Q: 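Pasting a structure here, questions to come.
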2 protein chains.
Amino acid sequence: MKFSKKSEYGLRALIELCETYGGRVLQRHEIAERQNIPVEFLEQILLALKRAGLLASRRGVRGGYSLIKSPEDITLGQVIRILDGPLAPISCVSKTAYQKCADCPYAATPSCPLQQAMGEVRDAIADILDHYTLSRFAHSK
Amino acid sequence: MKFSKKSEYGLRALIELCETYGGRVLQRHEIAERQNIPVEFLEQILLALKRAGLLASRRGVRGGYSLIKSPEDITLGQVIRILDGPLAPISCVSKTAYQKCADCPYAATPSCPLQQAMGEVRDAIADILDHYTLSRFAHSK
DNA sequence: ATTTTTGTCTAGTGAGTTGCTCAAGTTTTG
DNA sequence: CAAAACTTGAGCAACTCACTAGACAAAAAT
């Protein structure tokens with residue numbers, strides 16, 4: 001029941017990018033150094049965040065990455081879903097990636113006892129992470 | 001951010017064992033058949049739950065497994081921690097298995113921004129799972 | 001007492017994921 | 001053009017997950 005390094009690194013990188021939001025761009029090695037993240041691995045993460053529309057990048061000599069959305073419009077939930085997939089602890093309670101359990105004897109049944117409990121967990125997690133914005137990270141150093 | 005099959009199977013097995021609590025014992029193949037769980041894998045799970053003091057077992061001809069504690073004294077949190085380890089989404093916010101992050105630049109700092117958010121998540125998950133008892137599963141079929 | 005029926009324990013295994021590296025690009029600027 | 005940056009894709013070692021296999025131990029039935 002853990003988040004991956006990818007999510008953790010991604011969030012730490014975004015903390016860094018929040019600091020310079022509106023100002024200059026940050027290069028991958030700057031972020032990597034400040035946050036102790038292997039540069040090439042970080043790159044994959046930044047790319048994923050870029051494809052998801054959170055970051056912009058510029059190549060070339062004075063290139064780098066910058067936030068494309070305001071920190072208060074980015075939630076931890078968004079970021080984690082991009083990098084780690086759905087938040088739900090079991091897929092039959094995911095709202096973004098629902099999948100009927102193949103082997104569960106309650107799958108056909110109107111109510112699965114596990115599903116109820118796990119649904120509560122999912123909602124609690126999503127409730128926090130989908131309302132927690134990057135702006136709460138700003139100037140936290 | 002998912003629970004393992006181990007936890008899921010374990011909980012489903014316990015649902016089954018709740019049904020017969022106080023009555024007869026259940027054999028591994030009975031549980032396995034009713035819940036569609038590979039029998040040898042289930043065994044490992046039952047053994048782990050036994051070692052943790054939740055189940056009793058009897059060998060031999062009319063052997064099997066039975067709950068040793070009342071369903072209302074067993075929480076989902078306990079079970080999941082036995083089978084899946086700590087609930088915390090990152091180990092620096094675990095209460096049962098805390099570990100300082102090696103690479104995080106905020107590790108030395110009084111407050112890590114991620115830690116705060118993840119701590120909330122951990123508490124929310126634990127709050128639900130540590131108060132959700134197996135008795136809420138009883139006679140759910 | 002022996003056989004059968006069950007649980008106990010340890011080890012192994014194949015597939016997939018995680019965390020990371022490398023190399024060969026392409027784009028931009030000086 | 002050369003240097004500095006991002007881009008893309010392939011590759012890989014280590015680990016974990018889900019499961020399997022097999023030898024063994026105990027209890028009951030015969």
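Just so it is clear, the model here is predicted, and its values are computed rather than measured. Letters A, B, ... mirror the listed sequences (proteins, then strands); counts begin at 1.
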Q: Within the 4.0 Å heavy-atom criterion, would you say A:Lys2 contacts the bases, only the backbone, or no part of the nucleic acid?
A: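 If one applies the 4.0 Å heavy-atom cut-off, A:Lys2 turns out to touch nothing in the nucleic acid.
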Q: Heavy-atom nearest nucleotide on DNA chain C for B:His29 versus B:Arg51: which residue maps closer to 5'?
A: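 Closer to the 5' end of DNA chain C: B:His29.
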Q: Is there a side-chain polar atom (N or O) of A:Ser57 under 4.0 Å from OP1 or OP2 of D:dA5?
A: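 Answer is no, no contact under 4.0 Å.
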Q: Below 4.5 Å, heavy atoms only, C-beta onward: do A:Cys112 and A:Cys104 meet side chain to side chain?
A: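 Yes; the side chains approach each other to less than 4.5 Å.
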Q: ring-ring contact (aromatic ring centres under 6.0 Å, His included) with B:Tyr9: which residues, sequence neighbours excluded?
A: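 If we apply the ring-ring contact (aromatic ring centres under 6.0 Å, His included) test to B:Tyr9, skipping adjacent residues, the hits are B:Phe41.
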Q: Roughly, in whole Å, what's the span from CD in A:Glu33 to P in D:dA5?
A: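 About 11 Å, once rounded to whole Å.
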Q: Side-chain atoms of residues 74-88 of chain B: list all donor-acceptor pairs with protein atoms under 3.5 Å, sequence neighbours left out, distances to 0.1 Å.
A:
{"unit_1": "B:Thr75", "atom_1": "OG1", "unit_2": "B:Gln78", "atom_2": "N", "d": "3.1"}
{"unit_1": "B:Gln78", "atom_1": "NE2", "unit_2": "B:Asp73", "atom_2": "O", "d": "3.3"}
{"unit_1": "B:Arg81", "atom_1": "NH2", "unit_2": "B:Asp130", "atom_2": "OD1", "d": "2.4"}
{"unit_1": "B:Arg81", "atom_1": "NH2", "unit_2": "B:Asp130", "atom_2": "OD2", "d": "2.8"}
{"unit_1": "B:Asp84", "atom_1": "OD1", "unit_2": "B:Ser4", "atom_2": "OG", "d": "2.4"}
{"unit_1": "B:Asp84", "atom_1": "OD2", "unit_2": "B:Ser4", "atom_2": "N", "d": "3.0"}
{"unit_1": "B:Asp84", "atom_1": "OD2", "unit_2": "B:Ser4", "atom_2": "OG", "d": "3.4"}
{"unit_1": "B:Asp84", "atom_1": "OD2", "unit_2": "B:Ser7", "atom_2": "OG", "d": "3.3"}

Q: Any side-chain heavy-atom pair from B:Gln116 and A:Tyr132 closer than 4.5 angstrom?
A: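 Of all side-chain heavy-atom pairs linking A:Tyr132 with B:Gln116, at least one is under 4.5 Å.
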Q: In whole angstrom, give the distance that lies between atom CZ of A:Phe3 and atom P of C:dG19.
A: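 Whole-Å distance recorded here is 13 Å.
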Q: Within this structure, what is the CZ-to-C1' distance between B:Phe41 and C:dT8, rounded to whole angstrom?
A: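 It is 17 Å, rounded to the nearest whole Å.
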Q: Is any side-chain N of the basic residue among B:Glu30 and B:Arg24 closer than 4.0 Å to the acidic one's carboxylate O?
A: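 So B:Glu30 pairs with B:Arg24 through a salt bridge.
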Q: Quick check on DNA chain D: between B:Asp84 and B:Val39, whose nearest nucleotide comes earlier from the 5' end?
A: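 Taking each residue's closest nucleotide, the earlier one in sequence belongs to B:Asp84.
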Q: List in chain and number order the residues that pass side-chain hydrogen bond (donor to acceptor under 3.5 Å, both in side chains) with A:Lys50, two or more places apart in sequence or in another chain; answer none if no residue qualifies.
A: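 So A:Lys50 forms a side-chain hydrogen bond (donor to acceptor under 3.5 Å, both in side chains) with A:Ser57.
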Q: What does A:Glu40 touch in the nucleic acid at a heavy-atom separation under 4.0 angstrom: a base, only the sugar-phosphate, or nothing?
A: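 A:Glu40: base contact, heavy atoms under 4.0 Å.
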Q: Do A:Ile15 and B:Tyr106 make a side-chain contact, defined as non-hydrogen atoms from C-beta onward lying under 4.5 Å apart?
A: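 With C-beta onward as the side chain, the pair touches.
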Q: Measure the angle between the two terminal helix axes of the helix from C:dA1-D:dT30 to C:dG30-D:dC1, five base pairs each, and quote it to 10°.
A: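 So the angle between the two local helix axes works out to 0°.
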Q: List in numerical order all residues of residues 4-13 of chain A for which some heavy atom is under 4.0 Å away from an atom belonging to DNA chain C.
A: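 Residues of residues 4-13 of chain A that come under 4.0 Å of DNA chain C are, in numerical order, A:Ser4, A:Lys5, A:Lys6, A:Tyr9.
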Q: Measure CD1/A:Ile45 against P/D:dT7 and give the value in whole Å, please.
A: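 Going from CD1 in A:Ile45 over to P in D:dT7 covers 14 Å.
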Q: Does any non-hydrogen side-chain atom of B:Glu8 lie less than 4.5 Å from one of A:Leu114?
A: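 Yes, their side chains come closer than 4.5 Å.
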Q: Find the distance B:Ile68:CD1 to C:dG7:P and express it as a whole number of Å.
A: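 Atom CD1 in B:Ile68 sits about 16 Å away from atom P in C:dG7.
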Q: Got more than 12 heavy atoms from elsewhere within 6.0 Å of CD, B:Glu72?
A: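 Check passes, neighbour count above 12.
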Q: Using a 4.5 Å cut-off on heavy atoms from C-beta on, say whether the side chain of A:Lys100 contacts that of A:Tyr98.
A: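 With C-beta onward as the side chain, the pair touches.
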Q: Rounded to whole angstrom units, what separation is found between the CD atom of B:Gln27 and the P atom of D:dA26?
A: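 It works out to 19 Å between those atoms.
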Q: Rounded to the nearest Å, what distance is computed from the CG atom of residue B:Leu42 to the C1' atom of nucleotide C:dT8?
A: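 The distance from CG of B:Leu42 to C1' of C:dT8 comes to 14 Å, rounded to the nearest Å.
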Q: Between protein and nucleotides 25-30 of chain C, map the contacts as a letter string: B base, S sugar-phosphate only, - none, heavy atoms under 4.0 Å, written 5' to 3'.
A: -BBBB-
Q: Check this for me, if you would: do A:Glu19 and A:Arg12 make a salt bridge, where the nitrogen-to-carboxylate-oxygen distance has to be below 4.0 angstrom?
A: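 Salt bridge flag = no for A:Arg12 with A:Glu19.
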Q: For a quick check, tell me whether the side chain of A:Gln44 and the base of C:dT21 share a donor-acceptor pair closer than 3.5 Å.
A: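 Side chain to base: pair found, below 3.5 Å.
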Q: Using whole Å, report how far OH of A:Tyr65 lies from P of D:dA4.
A: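 Rounded to the whole Å, the gap is 18 Å.
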Q: Just wondering, more than 12 heavy atoms not from B:Lys6 lying within 6.0 Å of its NZ?
A: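 Open: at most 12 neighbouring heavy atoms sit under 6.0 Å from NZ of B:Lys6.
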